[in-house]
Amino acid sequence: MPPVKPSRRYVSPRRAEMARATRRAVLDAARELFVSQGYAATSIDQIAAGAQVSKPTVFTSVGSKRLLLKELRDIALAGDEEPVPVPARAWVQELLAEPDPRRTLLLYARGSVQLQARYVDLEE
């Protein structure tokens, strides 16, 4: 029996970018609908229509409605979609390294205000 060649992994930067753009469109549509009409009143069909994708694409790109809300909350808390824990973020590291207690408090307040501004409309 001839040796079996291992399958090659298919890598397409263009396809990956298109998937990121689709995911972003789904998240943007979900956020807009959750904020404007509320989580309970928003359907996956509405999110799909808002993102101009099919309903299965919503599930493939992000997941269920519950996962959409979780992702939106995570992005709001972190400030972006990068897989960096909040304690490792630059603003938190700056705060932790600051020796002046007053400046630490100011940095903390600034970071908290920015975080709350990103997050507040998801909880109304």
Side-chain angles (χ1 to χ4, degrees):
M1 180 182 266
V4 177
K5 287 184 176 180
S7 61
R8 277 187 1 181
R9 185 169 170 242
Y10 179 74
V11 177
S12 170
R14 179 174 153 85
R15 182 175 282 179
E17 181 53 40
M18 288 172 53
R20 280 190 294 277
T22 298
R23 176 182 165 78
R24 183 78 252 152
V26 168
L27 288 167
D28 288 347
R31 181 182 184 92
E32 181 179 320
L33 288 163
F34 290 163
V35 169
S36 67
Q37 63 188 32
Y39 175 82
T42 300
S43 71
I44 292 292
D45 287 325
Q46 292 171 319
I47 294 167
Q52 299 180 340
V53 300
S54 68
K55 187 175 176 178
T57 299
V58 172
F59 289 105
T60 302
S61 65
V62 181
S64 67
K65 194 166 94 166
R66 193 174 119 211
L67 281 173
L68 281 162
L69 183 59
K70 181 198 177 302
E71 286 292 317
L72 290 170
R73 285 176 170 164
D74 289 350
I75 292 166
L77 289 172
D80 57 42
E81 294 183 59
E82 297 303 315
V84 178
V86 172
R89 301 226 165 228
W91 75 271
V92 175
Q93 291 300 308
E94 180 185 7
L95 179 126
L96 294 173
E98 178 57 55
D100 178 10
R102 288 189 175 155
R103 176 111 172 98
T104 299
L105 187 57
L106 288 172
L107 291 170
Y108 178 79
R110 182 182 68 194
S112 295
V113 167
Q114 290 170 347
L115 184 150
Q116 291 300 322
R118 293 188 304 264
Y119 194 84
V120 68
D121 60 349
L122 286 172
E123 294 302 320
E124 289 182 347

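Because only heavy atoms are used, hydrogens play no part in the values below, and waters and symmetry mates are left out as well, while side chains stay in. Numbers here simply count residues along the sequence, with the first being 1.
Cluster partners of Leu95, by chain and number: Val86, Trp91, Val92, Leu96, Leu107, Tyr108. The rule joins Ile, Leu, Val, Met, Phe, Trp and Tyr whenever side-chain heavy atoms lie under 4.5 Å apart.
Scanning both residues, Thr104 and Glu98, for their nearest heavy atoms gives OG1-O, 3.2 Å. In this structure, Ile47 and Ala29 approach most closely via the heavy-atom pair O-CB, 3.7 Å. Ala51 and Ala25 get closest at one heavy-atom pair: CB-O, 3.5 Å. Residues Ala78 and Arg89 come closest through the heavy atom pair CB-NH2, 3.4 Å. A pairwise comparison of heavy atoms in Val26 and Val62 identifies CG1-CG2, 3.9 Å as the closest pair. For the residue pair Arg31 and Ala76, the shortest heavy atom distance occurs at NH1-CB, 4.4 Å.
Considering CG of Leu67 and OG of Ser61, their distance stands at 11.0 Å, rounded to 0.5 Å. Note that the NZ atom of Lys55 and the OG atom of Ser43 stand 7.5 Å from one another [nearest 0.5 Å].
Contact check on Arg103 versus Glu94 returns a salt bridge, with a Lys/Arg side-chain nitrogen under 4.0 Å from an Asp/Glu carboxylate oxygen.
With a 6.0 Å radius and a threshold of 12 heavy atoms from other residues, nucleotides or ligands, Gln46 has its CD atom above the threshold. Within a 6.0 Å radius of CD in Gln52, other residues, nucleotides and ligands contribute 12 heavy atoms or fewer.
Contacts of Phe59 classified as ring pair (Phe, Tyr, Trp, His ring centres under 6.0 Å), with partners at least two apart in sequence or in another chain: none.
A heavy-atom distance below 4.5 Å is not found between the side chains of Asp28 and Glu32. Taking the side chain as every heavy atom from C-beta outward, Arg20 and Arg23 never approach each other to under 4.5 Å.
Across Ile44, Thr22, Asp45, Leu27, a single residue satisfies side chain to side chain contact (heavy atoms under 4.5 Å, CB included) together with Val58, and that is Ile44.
No side-chain donor-acceptor contact under 3.5 Å links Arg73 to the backbone of Tyr119. A donor-acceptor pair is defined here as one N or O able to donate and one able to accept, closer than 3.5 Å; no such pair exists between the side chain of Lys65 and the backbone of Ala30.
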